[in-house]
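See below for the structure under consideration.
Keep in mind it's a predicted model, so treat the numbers as computed, not measured. Numbers for residues simply follow the sequence, beginning at 1.
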Amino acid sequence: QSVDFNAEAVAFHYAGRTLFFAHDGTPYDTVFPAGVGFFEDGFLRVRENGLWGYALRDGSMGIPAQFAEAGDFVNGRALVRKADGAYAVLSRDGTLTPLPGDAAYLSIYAGDLAILRDGGAMRLYSLSEGDYLSEMIYQEISPYHDDGYAMVKQGNKWGIITPKENVSVEPQYYYLS
């Protein structure tokens, strides 16, 4: 059992179900199966029978539970890992576009970027362009923080980049946090 808050609602998670209340105490009309997080772009991630899908606010399944892993929708897209292990971009209409690598995180940053694994390295990938952002390759890229920066590792040193992959701090430190 747990309780989560955001700017729009309060979520009560209990017994494999999630119930939402507006901040004025008005309950949503539907109890959702194992909802995670909050509605993003009109969809709530839910888990049914071990697979992830997306419920609509009326309680219906907008996109049936069929994914091994699923991220939140951002600007009409979400990153998912299909049951066969392949990663893809999911659009609001259920269309899947394969990704050229494995998603390091199931998050979309700056409305358009995914961090993908490319062999033993990590690279930024533009979802709108359908291509890697640049030739910059890192051993590791942290998730982007709310302030818009991510830590990157080249060799055994860390630096900081922006979503446009501008280097704010050249990799020069043995430790960053």
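- Put simply, CG on Leu127 and CG on Leu99 are 7.0 Å apart, with the number rounded to the nearest 0.5 Å.
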Determine, stepwise, if the pair Arg77 / Asp41 fulfils salt bridge (Lys or Arg N to Asp or Glu O under 4.0 Å).
-> CA-CA 9 Å; Arg77 299 174 293 208; Asp41 268 7; over 6 Å; no
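- Although no hydrogens or angles enter the test, the distance criterion places a donor-acceptor pair under 3.5 Å between the side chain of Gln139 and the main chain of Gly155.
- One hydrophobic cluster, built from ILVMFWY side chains closer than 4.5 Å, holds both Phe43 and Val80.
- For the side chain to side chain contact (heavy atoms under 4.5 Å, CB included) with Tyr144, the lone residue among Thr162, Ile108, Ile161 that qualifies is Ile161.
- Note on Leu113: it clusters hydrophobically with Ile141, by side-chain heavy-atom contacts below 4.5 Å among ILVMFWY residues.
- Val167 and Val169 fall into different hydrophobic clusters, where Ile, Leu, Val, Met, Phe, Trp and Tyr side chains are chained together by heavy-atom contacts under 4.5 Å.
- Atom CZ of Phe38 and atom OG1 of Thr18 lie 9.5 Å apart (nearest 0.5 Å).
- Atom CD in Glu48 sits 11.5 Å away from atom CD in Gln66 (nearest 0.5 Å).
- Cation-pi check for Arg81 over Phe67 is not met; the charged atom does not lie both under 6.0 angstrom from the ring centroid and within 45 degrees of its normal.
- The line from CG of Asn75 to CD of Glu40 is 11.0 Å long, rounded to the nearest 0.5 Å.
- Two rings, from Phe39 and Phe32, have their centers less than 6.0 Å apart.
- Hydrophobic clustering of Ile, Leu, Val, Met, Phe, Trp and Tyr side chains at less than 4.5 Å, counting indirect connections, keeps Ile160 apart from Leu124.
- For Asp93, the CG atom sits in a packed shell: over 12 heavy atoms of surrounding residues, nucleotides or ligands are nearer than 6.0 Å.
- When each of Leu106, Ile63, Val36 is paired with Trp52, the side chain to side chain contact (heavy atoms under 4.5 Å, CB included) condition holds for Val36 and for no other.
- Residue Val10 comes nearest to Phe5 through the heavy atom pair CG2-CD2, 3.5 Å, listed as atom of the first residue, atom of the second, then distance.
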Just do the salt bridge (Lys or Arg N to Asp or Glu O under 4.0 Å) check on Lys153 and Glu140 with the steps written out, would you?
-> CA-CA 5 Å; Lys153 183 178 182 183; Glu140 193 169 337; 5.1 Å; no
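- Annotation for Val74 and Gly111: closest pair CG1-CA, 3.9 Å, computed over non-hydrogen atoms.
- Atom OH of Tyr28 sits in a crowded spot, with more than 12 heavy atoms from other residues, nucleotides or ligands closer than 6.0 Å.
- At a threshold of 4.5 Å between non-hydrogen side-chain atoms, the residues Tyr14 and Ser2 do not count as touching.
- More than 12 heavy atoms of other shown residues, nucleotides or ligands fall within 6.0 angstrom of atom CZ in Phe21.
- Interatomic distance, CZ of Phe20 versus CZ of Arg57, reported as 9.0 Å (0.5 Å rounding).
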